[in-house]
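Everything below concerns the one structure shown next.
Note that the structure is a prediction, hence the values are computed from the model and not measured.
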Amino acid sequence: MRPPSYKAVVDEFATSIRSGRLPAGTRLPTHRALARERRIALATATRVYAELASMGLVVGEPGRGTFVRVRADYDGLEPSRALPVPRVADLSFNQPLSEGQAGLLRRALRALFVAGEAEALLRQDPPGGRPHDRAVVATYLLDRGIDTPPANVLLTSGTQQALDCVLRSLTRPGEVIAVDAVSYPGVRVLASAHGLELAPVPVTATGTDLAALDRLCRTRPVRVVYAMPTLHNPLGWVLDRERRDRLVAVARAHDVVIVEDGTYAFLDPSAPPPLQSLAPERTCYVAGLSKNAAPGLRFGFAVVPGGRVESVTRSLRAAAWGAPGLITALATGWLADGTVARWEEDRRADAAARQDVARSALAGMSLTAHPASYMVWLGLQPHQRPDEVAARLAAAGIVVSTGDAFATGPYRPRALRLALATPPRDALAGALRRLRDVLDAIPP
């Protein structure tokens, strides 16, 4: 009898899982047991489970085995917002706002029209933005430790577009990006869209394993290293100056371009200098105003070396031509008059207060967080599967992000990323206590 093909085994499992014959939570045979049962090579059995995992049908847990995934659409990169019960809290995304921002928006819009700029706002801005607006951002960045000519600042519709256009200008399909083994999910989305290979680098409690990064660059043709040195998402670390210098040294030794994500850097103004200031010749810095101003203000920017301005501008032109004039006028106006700086002060106090609430409500649990961050990385117990936990929390009215959304390699962390910024602050403690109650009720 001819052994079943690899695809046939995948299809058989997929059909059984989707039909319910293999219920959620079922523990599947070990890789070796599957190889024996199906008369296939061990490597083929591993490939079967890898493909089922990529289809979202199973989840592997180191030391425990492979399980049929709880498919309730409440875990992963984009958990469902339609909860089966009244909503208690959304802890899956950070959408911070300050009191009175709606009134400021109304006044700012009236001021733009009174100033007679309404017609100008209907015209298309050039790719990368107008010189005056780029100069406003360049001035703002001085307080972040970045001293760059306005010509090296390119305006975008949010940080994700800045990251997208920078990566497209730097890479070709098939090239390798070094990235932390646990990192911002948006870079994984872009790598998939552009046919790039993510090479996960191990992480430590204090940052990227730079010795492992150096070994990777010695053995693989790494084109880009993606880094979040200040308030890493989701692990919250802030790299010290020595580690930043070492990261730059590795990049220079192997002629690798650094893409630095500064999305949350404003929350820790005492952090060491950004990588861009340490290696401006090879660093592209991306950030925006979604966390320090408003999530709906889709305004971002990229600071790039002079020799890369033209190629990144071409990517911007291909993606969306340029940032919308109305959004740019609002954003640069608030940057120039100090409004964004005042909001950033509010956010820093708010983030610190919310961390205090989280440490109190979740005391004794496995927490990884920076005291200035809007995030908590919550480690789960061995018997708590992230997919099952997310489904149970959704049934209690709480939305979370599971650790697999942040995994850039085969390792899937048994953890939750809790975004603290969205619920009203006076409701956060109650939501976290309810979350804890749900986790405590899961039997070992």
Exercise for review: Indicate yes or no for a side-chain donor-acceptor contact from Gln384 to the backbone of Leu380 under 3.5 Å, with no hydrogens or angles considered.
Suggested key: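 No; judged by distance alone, with no hydrogens or angles, the pair does not exist.
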
Please examine the side chains of [Y] and [X], heavy atoms only from C-beta on, and report whether any two atoms are closer than 4.5 Å.
| X | Y | result |
| --- | --- | --- |
| Tyr226 | Ile258 | no |
| His232 | Thr368 | no |
| Leu91 | Leu432 | yes |
| Leu393 | Leu416 | yes |
| Pro386 | Arg414 | yes |
| Trp237 | Pro229 | no |
| Arg87 | Val399 | yes |
| Leu190 | Leu163 | yes |

Check your understanding: Can you name the residues that form a side chain to side chain contact (heavy atoms under 4.5 Å, CB included) with Ser290, not counting sequence neighbours?
Key ->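 Only Arg298 meet the side chain to side chain contact (heavy atoms under 4.5 Å, CB included) criterion with Ser290.
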
Exercise for review: Using the test side chain to side chain contact (heavy atoms under 4.5 Å, CB included), find all partners of Ala429 that sit at least two apart in sequence or belong to another chain.
Suggested key: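 By the side chain to side chain contact (heavy atoms under 4.5 Å, CB included) rule, Ala429 matches Val357, Arg433.
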
Practice item. Kindly compute the distance separating OG1 (Thr283) from CD (Glu260), expressed to the nearest 0.5 Å. Key: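 If we round to the nearest 0.5 Å, Thr283:OG1 and Glu260:CD are 6.5 Å apart.
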
Review point. Taking atom CD1 of Ile146 and atom CG of Asn152, what is their separation to the nearest 0.5 Å?
Key: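 That separation rounds to 11.5 Å.
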
Results of side chain to side chain donor-acceptor pair (under 3.5 Å) for [X] - residues two or more places apart only:
| X | value |
| --- | --- |
| Asp255 | Arg282 |
| Arg134 | none |
| Arg218 | Asp214 |

**Study point:** salt bridge (Lys or Arg N to Asp or Glu O under 4.0 Å) partners for Asp164, two or more places apart
**Key:**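 By the salt bridge (Lys or Arg N to Asp or Glu O under 4.0 Å) rule, Asp164 matches Arg168.
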
Any side-chain donor paired with an acceptor under 3.5 Å for [X] and [Y]?
| X | Y | answer |
| --- | --- | --- |
| Tyr285 | Arg144 | yes |
| Tyr374 | Gln95 | no |
| Ser169 | Arg308 | no |
| Asn233 | Tyr264 | no |
| Thr208 | Asp180 | yes |
| Arg243 | Thr206 | yes |

Practice item. Could you please spell out the steps behind the salt bridge (charged side-chain N to carboxylate O under 4.0 Å, His left out) verdict for Glu51 and Arg47? Key: CA-CA 6 Å; Glu51 179 145 338; Arg47 188 177 180 188; 5.3 Å; no

Practice item. Starting from the C-alpha separation in whole Å, work towards a yes-or-no answer on salt bridge (charged side-chain N to carboxylate O under 4.0 Å, His left out) for Glu197 and Arg223. Key: CA-CA 10 Å; Glu197 179 185 349; Arg223 175 65 174 147; over 6 Å; no

Exercise for review: Go through the steps for Arg354 and Asp350 under the test salt bridge (charged side-chain N to carboxylate O under 4.0 Å, His left out), then give the verdict.
Suggested key: CA-CA 6 Å; Arg354 289 170 185 266; Asp350 183 55; 2.9 Å; yes

Review point. Hey, mind stepping through Val68 and Leu57 against side-chain contact (heavy atoms from CB on, under 4.5 Å) and telling me if it holds?
Key: CA-CA 6 Å; Val68 176; Leu57 298 177; over 6 Å; no

Check your understanding: How about Glu310: does its CD atom have over 12 heavy atoms from other parts shown lying under 6.0 Å from it?
Key ->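 Open.
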
**Study point:** Ala89 to Pro423 - nearest heavy-atom pair and separation
**Key:**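 For Ala89 and Pro423, the tightest heavy-atom pair comes out as CB-CG, 4.1 Å.
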
Review point. Of all heavy-atom pairs between Leu196 and Arg172, which one has the smallest distance, and what is that distance?
Key: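 Taking Leu196 first and Arg172 second, the nearest heavy atoms are CD2-O, 3.2 Å.
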
